[in-house]
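Below is one structure, written out as structure tokens, with a few remarks after it.
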Amino acid sequence: MKLYTYWRSLATFRVRIALNLKGIKYEPVYVDLDGGQQHQSAYKSVNPQSVIPSLVEDDGNVLFQSMAIMEYLDEVHPNPPLLPKDPRGRARVRALSLMTVADTHPLIVPRVRNRVDALYKVGEEGKIEWVKHWFAAGLDAYESHLSRDEGTGLYCHGDTVTMADLCLVSHAAGTRVFKGSIDSHPTVKRIVDRCLADDRFASAQPLRQPGAPVGH
Ligand SMILES: N[C@@H](CCC(=O)N[C@@H](CS)C(=O)NCC(=O)O)C(=O)O
């Protein structure tokens with residue numbers, strides 16, 4: 001399997017964790033998002049949307065969109081499961097996952113922050129402020145949900161890891177990359193710290209990938 005990846009990509013981080021949890025080996029193929037490699041024809045022939053991750057199976061089948069990939073991996077390699085068995089549990093885990101995948105992360109990706117700058121000339125500082133705003137709003141929403149819902153346990157849903165934890169951890173990592181903190185969100189922090197104590201999460205972190213800046 002080949003995983004098209006970049007150190008900072010939060011969507012790819014989610015998939016790297018899923019692959020580690022499932023014990024699936026993969027060959028990383030690096031796509032330099034800052035250098036615009038996602039727009040070059042070599043990569044567009046793999047994923048015409050010009051975004052990562054893409055996961056290419058040995059027979060050439062291309063999987064794309066992190067949530068679809070995580071669910072596919074879960075169906076093909078059911079252990080350990082990333083979704084609960086009951087429909088309400090599955091709905092809650094998917095909903096918590098989508099808070100990152102659909103509602104926060106898409107607002108801060110390079111193509112969006114660059115477009116905001118192109119239209120409104122916000123500059124580097126303005127782009128960082130934009131990103132920080134959406135990460136903070138996402139953290140507040142997670143904290144409110146996770147601290148009040150009975151479904152929350154040691155992890156986002158119950159006492160075992162689910163897809164929601166992979167998404168939450170990616171949100172927390174993005175917060176950190178952009179010099180924010182999760183310290184004032186105790187439930188989020190408790191769950192993220194527990195996840196990152198597991199090397200299958202920790203080794204997949206953005207700042208531990210080749211090409212990441214040192215000294216963070
Ligand atoms: N919804 C997609 C998001 C994919 C995405 O936007 N990936 C980012 C990196 S995390 C990317 O490739 N961005 C390139 C760009 O914005 O130019 C997923 O979850 O897979």
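Keep in mind that this is a model prediction, so the values were computed, not measured.
- By the 4.0 Å N-to-carboxylate-O rule, Arg194 lies too far from Asp165 to be salt-bridged with it.
- Remark: the backbone N or O of Ala118 is paired with a side-chain donor or acceptor of Lys121 at under 3.5 angstrom.
- In plain terms, the two heavy atoms of Arg8 and Pro110 that are nearest each other are NH2-CG, 4.0 Å.
- Checked by atom type and distance alone, the side chain of Asp74 pairs as donor or acceptor with a backbone atom of Leu82 at under 3.5 Å.
- With hydrogens and angles ignored, the 3.5 Å screen pairs no side-chain donor or acceptor of Asp149 with any backbone N or O of Thr152.
- Arg16 approaches Ser9 most closely through the heavy-atom pair NH2-O, 4.2 Å.
- Residues Phe64 and Ala68 come closest through the heavy atom pair O-CB, 3.6 Å.
- For the residue pair Ala42 and Ser45, the shortest heavy atom distance occurs at O-OG, 2.9 Å.
- In this structure, the separation between CZ on Arg94 and NE2 on His157 is 12.0 Å, given to the nearest 0.5 Å.
- Nearest approach of Gly123 to Asp117, heavy atoms of both residues: N-OD1, 2.8 Å.
- Rounding to the nearest 0.5 angstrom, the gap separating the NZ atom in Lys132 from the CD1 atom in Ile108 is 13.5 Å.
- Side-chain atoms of Val15 and Ser66, non-hydrogen and from C-beta on, do get closer than 4.5 Å to each other.
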Inset, instruction - Start with the C-alpha distance between Met67 and Ser97, add both sets of side-chain angles, then the distance that settles side chain to side chain contact (heavy atoms under 4.5 Å, CB included), and finish with yes or no. - result: CA-CA 8 Å; Met67 194 157 153; Ser97 302; 4.1 Å; yes

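- Counting only heavy atoms from C-beta outward, the side chains of Trp130 and Val112 approach each other to under 4.5 Å.
- Using a 4.5 Å heavy-atom cutoff, the side chains of Tyr43 and Gln37 are not in contact.
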Inset, instruction - Step by step, work out the side chain to side chain contact (heavy atoms under 4.5 Å, CB included) result for Met70 and Leu166. - result: CA-CA 9 Å; Met70 288 186 284; Leu166 281 57; 3.7 Å; yes

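- To the nearest 0.5 Å, the span separating CE on Met1 from CG on Leu55 amounts to 5.0 Å.
- Lys22 and Asn79 form no side-chain donor-acceptor contact under 3.5 Å, judged by distance and modelled atom types alone.
- Asn61 contributes no side-chain N or O that, together with a main-chain N or O of Glu57, makes up a donor-acceptor pair within less than 3.5 Å.
- No chain of hydrophobic side-chain contacts below 4.5 Å, direct or via other Ile, Leu, Val, Met, Phe, Trp or Tyr residues, connects Val51 to Tyr6.
- Looking at Tyr142 and Thr187, their side chains never bring a donor and an acceptor atom within 3.5 Å of each other.
- Val62 and Val76 fall into different hydrophobic clusters, where Ile, Leu, Val, Met, Phe, Trp and Tyr side chains are chained together by heavy-atom contacts under 4.5 Å.
- The structure places NE2 of His145 at 10.0 Å from OG of Ser147, a figure rounded to the nearest 0.5 Å.
- Phe13 and Tyr26 fall into different hydrophobic clusters, defined by Ile, Leu, Val, Met, Phe, Trp and Tyr side-chain heavy atoms under 4.5 Å apart, directly or through other members.
- Under 3.5 Å, the side chains of Tyr72 and Gln65 contain no donor-acceptor pair of N or O atoms.
- In this structure, His171 contributes its side chain and Phe135 its backbone to a donor-acceptor pair below 3.5 Å.
- Between Arg92 and Thr162, the closest side-chain pair of non-hydrogen atoms is not below 4.5 Å.
- The closest side-chain heavy-atom distance from Leu196 to Val192 is below 4.5 Å.
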Inset, instruction - Could you give me the CA-CA distance, side-chain angles and deciding distance for Leu3 and Thr12, then say whether side chain to side chain contact (heavy atoms under 4.5 Å, CB included) is met? - result: CA-CA 8 Å; Leu3 178 68; Thr12 314; 3.8 Å; yes

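- The closest donor-acceptor contact from the side chain of Glu143 to the backbone of Val188 lies under 3.5 Å.
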Legend entry - Verdict with supporting geometry, Arg200 and Asp198, salt bridge (charged side-chain N to carboxylate O under 4.0 Å, His left out): CA-CA 5 Å; Arg200 295 171 301 176; Asp198 180 334; 2.8 Å; yes

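- With rounding to the nearest 0.5 Å, the separation of CZ in Arg148 from CD in Glu150 is 11.0 Å.
- Between Ile191 and Leu168 there is a side-chain heavy-atom pair separated by less than 4.5 Å.
- With hydrogens and angles disregarded, no donor-acceptor distance shorter than 3.5 Å links the side chain of Ser54 to the backbone of Asn47.
- Within 6.0 Å of the NZ atom in Lys127, the count of heavy atoms belonging to other residues, nucleotides or ligands exceeds 12.
- In terms of heavy atoms, Tyr4 sits closest to Val56 at CE1-CG2, 3.7 Å.
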Name every donor-acceptor pair, under 3.5 Å, that has one atom in a side chain of residues 204-212 and the other anywhere in the protein, sequence neighbours excluded.
| unit_1 | atom_1 | unit_2 | atom_2 | d |
| --- | --- | --- | --- | --- |
| Gln205 | NE2 | Ala202 | O | 3.1 |
| Gln209 | NE2 | Ser203 | O | 3.0 |
| Gln209 | NE2 | Ala204 | O | 3.2 |
| Gln209 | NE2 | Gln205 | O | 2.8 |

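- One hydrophobic cluster, built from ILVMFWY side chains closer than 4.5 Å, holds both Val101 and Met163.
- Note: the hydrophobic cluster containing Leu139 does not contain Leu107 (ILVMFWY, side chain heavy atoms under 4.5 Å, direct or indirect links).
- The side-chain heavy atoms of Leu73 and Leu21, taken from C-beta on, include no pair separated by under 4.5 Å.
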Legend entry - Test log, rule side chain to side chain contact (heavy atoms under 4.5 Å, CB included), inputs His77 and Ile24: CA-CA 9 Å; His77 303 272; Ile24 302 168; 3.4 Å; yes

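- Using a 4.5 Å heavy-atom cutoff, the side chains of Arg14 and Ile69 are not in contact.
- The CG atom of Asn20 lies 9.5 Å from the CZ atom of Phe201; values are rounded to the nearest 0.5 Å.
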